[in-house]
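Read the structure below first, then the notes.
These numbers come from a predicted model, not from an experiment.
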Amino acid sequence: RGGGGRCGVCGRVSLLHLWPLSAPGPGIRAASAGFGGTGPDRTRRNAEMFLSALLLVMALSSGLARRSADLYCEACRALVDEMESEISRVDPLKMVESGTFRLTPDGIPVTAQVPYGRSEPHLLSLLSGVCEQMLFYVEAIHPVTHRLTYRRLEEPGGEAPNATPSPTDPNSSLKMACEKLAEEYEDELIEFFSRETENVKDRLCSRRTDLCDHALSMNHDEL
């Protein structure tokens, strides 16, 4: 039966019976080898391919996560720079009354004179539009750390190079990250800018929020 011939049941010659059933011929073995081999060789090759694909996915995921972390770090530091720049433009002698939670013995709220530039109404007004300044920044890669960074192209007061960027533009991504931070950390921003504080970028972006844990005590220009 294995050697082929005439079928004992139907009386006709069957191609099935003309092919040996004991082992695949050289043509079948060659075809099997072309599709990954057989036995241990194929298993090992499949495992290697799976491992390579897994490592590639992990590398891509790590790269995207690092880029996202760098984006929000840069957005935070640029936001601080722009807020400090805007506050410095206000006459430090300009004062405004600010209410406190304290009361006089007669139950009258205590008011105090505070610099207008650091008053809560002014700071809130700045936060509502400061992220537009992100349009003045351009994306770059730091030559030493190879991390994502942004550098300002224009001095404050000029016209933005791209007033209506598409969502895929780097400066648009920085602007959206800035707007998210301004909303999420509004209380912290008001707290830090309501008084003169040294190293706001480190205190806010690294220690308070952990957005720049890799950039602690580094100058913005060095990133």
With rounding to the nearest 0.5 angstrom, report the CG to CZ distance, Asp202 to Arg207.
5.5 Å

Would you mind reporting whether Arg118 and Glu196 have side-chain heavy atoms less than 4.5 Å apart?
yes

Partners passing side chain to side chain contact (heavy atoms under 4.5 Å, CB included) against Glu183 (at least two apart in sequence or in another chain):
none

Give the intermediate values and the outcome of side chain to side chain contact (heavy atoms under 4.5 Å, CB included) for residues Asp81 and Lys201.
CA-CA 8 Å; Asp81 282 342; Lys201 283 186 285 190; 3.2 Å; yes

Rounded distance [0.5 Å steps], CG in Leu79 versus NZ in Lys180
14.5 Å

Does atom CD (Glu188) have a neighbourhood of more than 12 heavy atoms from anything else shown, all under 6.0 Å?
yes

Those residues at least two apart in sequence (or on a different chain) that pass side chain to side chain contact (heavy atoms under 4.5 Å, CB included) with Glu191 are Arg195, Arg208

Distance (rounded to the nearest 0.5 Å) between Phe136 CZ and Leu153 CG
9.5 Å

List, by chain and then residue number, the residues other than Met95 in its hydrophobic cluster (Ile/Leu/Val/Met/Phe/Trp/Tyr, side-chain heavy atoms under 4.5 Å); write none if there are no others.
none

Rounded to the nearest 0.5 Å, the CZ atom of Arg89 sits from the CD atom of Glu84 at a distance of 13.5 Å

Please confirm whether the backbone N or O of Tyr150 pairs with a side-chain atom of Glu74, one donor and one acceptor, at under 3.5 Å?
yes

Checking Tyr116 now: which residues fulfil ring-ring contact (aromatic ring centres under 6.0 Å, His included) with it, not counting sequence neighbours?
His122

Nearest non-hydrogen partners of Leu189 and Leu181, listed with the distance
CD1-O, 4.3 Å

Can Phe193 and Ile87 be said to form a side chain to side chain contact (heavy atoms under 4.5 Å, CB included), step by step?
CA-CA 9 Å; Phe193 287 114; Ile87 292 173; 3.8 Å; yes

Determine whether Glu82 and Arg152 satisfy the following criterion, salt bridge (Lys or Arg N to Asp or Glu O under 4.0 Å), listing intermediate values before the conclusion.
CA-CA 11 Å; Glu82 297 300 332; Arg152 214 180 200 287; 2.8 Å; yes

Between CD on residue Gln133 and CD on residue Glu86, distance to nearest 0.5 Å:
6.0 Å

Looking at Asp70 and Leu148, what are the two nearest heavy atoms and their distance?
OD2-N, 3.3 Å

Under a single-linkage definition using a 4.5 Å side-chain heavy-atom cutoff for Ile, Leu, Val, Met, Phe, Trp and Tyr, are Leu126 and Val90 assigned to the same hydrophobic cluster?
no

Quick one, Cys212 with Cys73, criterion disulfide (SG to SG under 2.5 Å). Give me CA distance, side-chain angles, the key distance, then yes/no.
CA-CA 5 Å; Cys212 300; Cys73 171; 2.1 Å; yes

Is a donor on one side and an acceptor on the other found under 3.5 Å between the side chain of Thr197 and the backbone of Phe192?
yes

How long is the gap from CG on Leu204 to CG on Asn199, to the nearest 0.5 Å?
12.0 Å

Residues that Val114 engages under side chain to side chain contact (heavy atoms under 4.5 Å, CB included), provided they are two or more places apart
Val96, Ser98, Ser119

When every non-hydrogen atom of Cys205 is compared with those of Val80, the smallest separation belongs to SG-CG2, 4.1 Å

Only counting residues at least two apart or in another chain, list the ones meeting side chain to side chain contact (heavy atoms under 4.5 Å, CB included) with Glu120.
Leu124, Ile190

Measure across Leu135 and Lys175 and return the closest heavy-atom pair with its distance rounded to 0.1 Å.
CD2-CD, 3.9 Å

Backbone N/O of His142 and side chain of Thr145: donor-acceptor pair under 3.5 Å
no

N/O donor-acceptor pair under 3.5 Å between Arg151 side chain and Ala140 backbone:
no

Provide the closest heavy-atom pair for Glu186 versus Leu127 in the form atom of the first, atom of the second, distance.
CG-CD1, 4.1 Å

SG-SG distance Cys178 to Cys131 under 2.5 Å
yes

